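Before any comments, here is the structure.
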There are 2 protein chains.
Amino acid sequence: MKRNGKLFVALHALVHLDRHGGRAMTSEAVAACLSTHPVVVRRTLGELRQGGILQATRGHGGGWSLAKPADAISLRDVCAALGESLVDPLQVDPEHPSCAVVGSLTDSLGGVLVEIQALLDERLGRITLADLSADVTERAGVAGYRLPEVTNHGL
Amino acid sequence: MKRNGKLFVALHALVHLDRHGGRAMTSEAVAACLSTHPVVVRRTLGELRQGGILQATRGHGGGWSLAKPADAISLRDVCAALGESLVDPLQVDPEHPSCAVVGSLTDSLGGVLVEIQALLDERLGRITLADLSADVTERAGVAGYRLPEVTNHGL
DNA sequence: CAATAGGTAACTATCATAGTTACATGAAGC
DNA sequence: GCTTCATGTAACTATGATAGTTACCTATTG
């Protein structure tokens with residue numbers, strides 16, 4: 001895996017969970033789908049659970065399942081639950097007193113970045129997990145590809 | 001220093017160079033301004049030199065100076081010279097063959113990110129080094145603060 | 001030729017994060 | 001109640017990116 005690790009794990013897992021038809025999937029099954037370790041799955045999906053996006057049940061027959069309908073989960077919700085922004089925040093060391101140059105930079109550049117972040121949030125708020133799943137179905141149909149129950153593809 | 005390291009060093013140095021009145025500044029002098037090491041300055045400013053933003057002269061009386069007027073250097077130019085994007089690229093491991101889910105993710109999220117990156121580039125293209133310097137002058141005037149020749153402020 | 005200053009390779013230190021191991025907690029089935 | 005399964009979480013390791021540092025090269029000026 002390269003970058004955007006948590007977000008990628010989360011979205012990938014969410015699509016698989018949605019396409020699993022309401023049945024719970026264990027961390028191990030999800031991890032096999034993403035070619036990663038179950039603990040990594042628990043860590044990442046745990047943040048989505050705290051964000052009200054997923055629910056987890058323990059013991060026999062337990063696992064992860066969606067806490068809301070797929071069309072009520074937006075990419076913005078997922079990013080918010082993970083604390084990811086996709087736009088670099090340009091944070092400055094608050095330890096030292098900053099000079100006028102640093103102040104200008106944070107204001108000018110930082111102002112633009114805040115605006116851009118707002119635009120991105122607006123866009124991401126309009127894309128739902130249901131959209132992603134539908135897109136996967138379309139691709140699978142076009143390619144004549146049958147999505148297996150538990151895939152073991154790279155990444 | 002926290003994040004956006006290269007970009008912050010570059011912009012901070014550019015403002016100081018612009019405000020130095022056309023005279024060249026040595027790596028050591030710039031490094032003292034940014035509280036960092038001269039080699040870090042050479043590394044970062046070297047990329048700006050290759051991007052045609054700065055010029056460097058060696059030997060006695062040498063140092064760094066702007067290769068273009070300050071109002072002809074935009075923040076977009078600086079980002080481009082540094083190879084920084086400020087928007088996370090969501091790059092996927094090309095090593096493994098990707099499944100339909102990964103394809104959908106890169107298309108949906110990646111498409112939004114490309115749009116956002118274009119918007120950000122447009123904004124950054126309208127902010128020049130001259131704008132930053134003017135803002136610094138304004139702040140210094142308001143605060144009754146005299147910008148020293150060589151500052152040694154944090155970051 | 002000596003002094004100065006950028007150019008660059010090579011190494012170290014730090015930090016973030018993925019991966020892994022180990023164990024505690026809780027729920028279902030016998 | 002006990003066993004089994006699955007999440008929750010702490011702790012450690014491995015890896016990669018990057019800032020800092022040292023050392024030495026080349027180029028230019030006096």
Side-chain angles (χ1 to χ4, degrees), chain A residues 1-10 12-13 17 20 23-32 34-51 53-65 67 82-85 88-93 95-96 154-155, chain B residues 1-10 12-13 17 20 23-32 34-51 53-67 82-85 88-89 91-93 95-96 154-155:
Chain A
M1 180 184 317
K2 278 287 178 64
R3 232 165 284 190
N4 297 103
K6 276 199 308 184
L7 181 59
F8 201 81
V9 165
H12 202 163
L17 283 171
H20 205 241
R23 291 164 293 167
M25 286 179 73
T26 67
S27 303
E28 201 166 357
V30 174
L34 315 197
S35 296
T36 185
H37 199 280
V39 174
V40 174
V41 170
R42 286 200 274 266
R43 272 205 290 248
T44 306
L45 297 194
E47 297 186 50
L48 299 185
R49 177 178 49 77
Q50 290 181 313
I53 292 174
L54 286 181
Q55 57 190 11
T57 56
R58 302 210 252 197
H60 276 280
W64 300 92
S65 53
L82 295 175
E84 301 241 324
S85 72
D88 292 351
L90 188 70
Q91 51 200 11
V92 170
D93 193 347
E95 190 177 330
H96 300 280
L155 230 286
Chain B
M1 180 183 317
K2 280 285 177 63
R3 232 166 289 191
N4 297 103
K6 275 200 309 184
L7 180 59
F8 201 82
V9 166
H12 201 163
L17 283 172
H20 205 241
R23 291 164 294 167
M25 285 179 74
T26 67
S27 303
E28 200 166 356
V30 174
L34 314 196
S35 297
T36 186
H37 199 281
V39 173
V40 174
V41 171
R42 284 187 212 127
R43 272 206 288 249
T44 307
L45 298 195
E47 298 186 50
L48 299 185
R49 177 177 50 77
Q50 291 181 312
I53 292 174
L54 286 180
Q55 57 190 11
T57 56
R58 303 211 248 197
H60 276 283
W64 300 91
S65 52
L66 302 184
L82 295 174
E84 300 244 321
S85 73
D88 292 351
Q91 51 200 11
V92 169
D93 193 347
E95 192 176 327
H96 300 280
L155 229 287

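Keep in mind the model is a prediction, meaning the values are calculated, not measured. Computation of the quantities below employed the complete heavy-atom set of this structure, encompassing side-chain atoms and omitting hydrogens, waters and symmetry-equivalent molecules. Chain letters run A, B, ... following the sequence lines, proteins first, then strands; residues in each count from 1.
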Please encode protein proximity along nucleotides 24-30 of chain C as a string of B, S and -, counting only heavy-atom distances under 4.0 Å. -BBBB--
Using whole Å, report how far [atom1] of [X] lies from [atom2] of [N].
X	N	atom1	atom2	answer
A:L34	C:dA18	CG	P	12 Å
B:L82	D:dA17	CG	C1'	16 Å
B:Q55	C:dG6	CD	P	13 Å
A:D88	D:dT18	CG	P	11 Å
B:F8	D:dG20	CZ	P	12 Å
B:E28	C:dA3	CD	C1'	14 Å
B:H37	C:dA10	NE2	C1'	14 Å
A:L54	D:dA6	CG	P	17 Å

Taking only residues two or more places apart in sequence, or in another chain, which ones meet A:R49 in a side chain to side chain contact (heavy atoms under 4.5 Å, CB included)?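 By the side chain to side chain contact (heavy atoms under 4.5 Å, CB included) rule, A:R49 matches A:A56, A:W64.
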Listed partners of B:S65 passing side chain to side chain contact (heavy atoms under 4.5 Å, CB included), at least two apart: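 In terms of side chain to side chain contact (heavy atoms under 4.5 Å, CB included), with neighbours along the sequence ignored, B:S65 is linked to B:Q55.
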Inter-residue atom distance A:L90.CG - B:L7.CG, 0.5 Å rounding: 7.0 Å
Do B:L66 and B:I53 have side-chain heavy atoms sitting under 4.5 Å apart? no
N/O donor-acceptor pairs under 3.5 Å from side chains in residues 38-48 of chain B, not counting sequence neighbours:
| unit_1 | atom_1 | unit_2 | atom_2 | d |
| --- | --- | --- | --- | --- |
| B:R42 | NE | B:S27 | OG | 3.4 |
| B:T44 | OG1 | B:V40 | O | 3.0 |
| B:E47 | OE1 | B:K6 | NZ | 3.4 |
| B:E47 | OE2 | B:K6 | NZ | 3.4 |

Look at the side-chain N and O atoms of B:S27 and state whether any lies under 4.0 Å from the OP1 or OP2 oxygen of C:dG6. yes
Does any residue of residues 39-49 of chain A have a heavy atom under 4.0 Å from DNA chain C, and if so, which ones, in number order?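 Contacting residues: A:V39, A:V40, A:R43.
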Return the minimal non-hydrogen interatomic distance between B:V30 and B:A13, and the atom names on each side.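 In terms of heavy atoms, the two residues are closest at CG1-CB, 3.7 Å.
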Closest non-hydrogen atoms of A:A10 and A:L82, given as atom of the first, atom of the second and distance, are CB-CD1, 3.7 Å
More 5' along DNA chain C: A:E84 or B:G62, using each one's nearest nucleotide? B:G62
